[in-house]
Amino acid sequence: MRDTYPGHAPHRVRKMIVMPSDDRLTVQDRQAIDLAHRLRQRIGRRLARRGIITATVGISPYVDPAGQPSVVICMNAGAAQALLHDLGEPVHG
């Protein structure tokens, strides 16, 4: 995935996942990590197909208070608009 910053040349952004040792992960932890990984791949492919290479998308796995695997998604406006378009939201403006 490529990203640009004002005054800087485009560069590759490394994807790094830091995970605790497997022996301390619960089943729900592993499910949340898998969910985040699959979602990150799908969103990345979708944005790349649309030619959006400067999107900032962060997906973090967690287990919610009810014990369910969950994710938090954070993205810039360009990525959000592209995904809304793909989901069928009418264009505003």
Side-chain angles (χ1 to χ4, degrees):
M1 181 176 286
R2 294 179 61 89
D3 207 350
T4 60
Y5 298 94
H8 291 87
H11 65 280
R12 279 246 172 238
V13 175
R14 292 184 196 185
K15 295 179 184 177
M16 181 183 295
I17 299 173
V18 178
M19 295 176 24
S21 64
D22 282 347
D23 59 331
R24 296 190 308 187
L25 295 176
T26 66
V27 170
Q28 292 85 353
D29 290 331
R30 286 186 184 90
Q31 290 171 338
I33 291 167
D34 179 62
L35 179 63
H37 176 74
R38 290 184 295 125
L39 191 55
R40 185 178 296 113
Q41 287 182 326
R42 292 288 301 266
I43 288 174
R45 283 194 302 264
R46 172 70 64 153
L47 293 173
R49 278 197 301 271
R50 292 183 52 75
I52 300 172
I53 59 172
T54 59
T56 301
V57 179
I59 302 174
S60 299
Y62 76 102
V63 176
D64 71 15
Q68 295 299 309
S70 302
V71 295
V72 173
I73 302 173
C74 181
M75 63 184 69
N76 66 6
Q81 292 292 347
L83 290 175
L84 284 171
H85 179 269
D86 287 351
L87 293 171
E89 180 174 288
V91 176
H92 295 33

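Model, not experiment: these values are computed from the prediction. Position 1 is the first residue of the sequence; numbering continues from there.
Between R38 and D34, at least one side-chain nitrogen of the basic residue sits less than 4.0 Å from a carboxylate oxygen of the acidic one, meeting the salt-bridge criterion.
To the nearest 0.5 angstrom, Q28 atom CD is 10.5 Å from S70 atom OG.
Of all heavy-atom pairs between R30 and L25, the closest is NH1-O, 2.9 Å. Closest of all the heavy-atom pairs between A32 and P61 is O-CB, 3.3 Å. Pairing each heavy atom of A82 with each of L47, the nearest pair is CB-CD2, 3.8 Å. In plain terms, the two heavy atoms of P69 and Q31 that are nearest each other are CG-OE1, 3.2 Å.
Hydrophobic cluster of L87: no remaining members, since no ILVMFWY side chain lies below 4.5 Å from it.
Not a single salt bridge (charged side-chain N to carboxylate O under 4.0 Å, His left out) links D64 to another residue, sequence neighbours left out. For the side chain to side chain contact (heavy atoms under 4.5 Å, CB included) test, residues two or more places apart in sequence or in another chain that qualify with R45 are Q41, R42, R49.
Screening I43, N76, L83 against V57 for a side-chain contact (heavy atoms from CB on, under 4.5 Å) leaves a single residue, I43.
Residues Y62 and L39 are members of separate hydrophobic clusters, defined by side-chain heavy-atom contacts under 4.5 angstrom among Ile, Leu, Val, Met, Phe, Trp and Tyr. Under the 4.5 Å side-chain heavy-atom criterion for Ile, Leu, Val, Met, Phe, Trp and Tyr, I52 and M75 are members of the same hydrophobic cluster.
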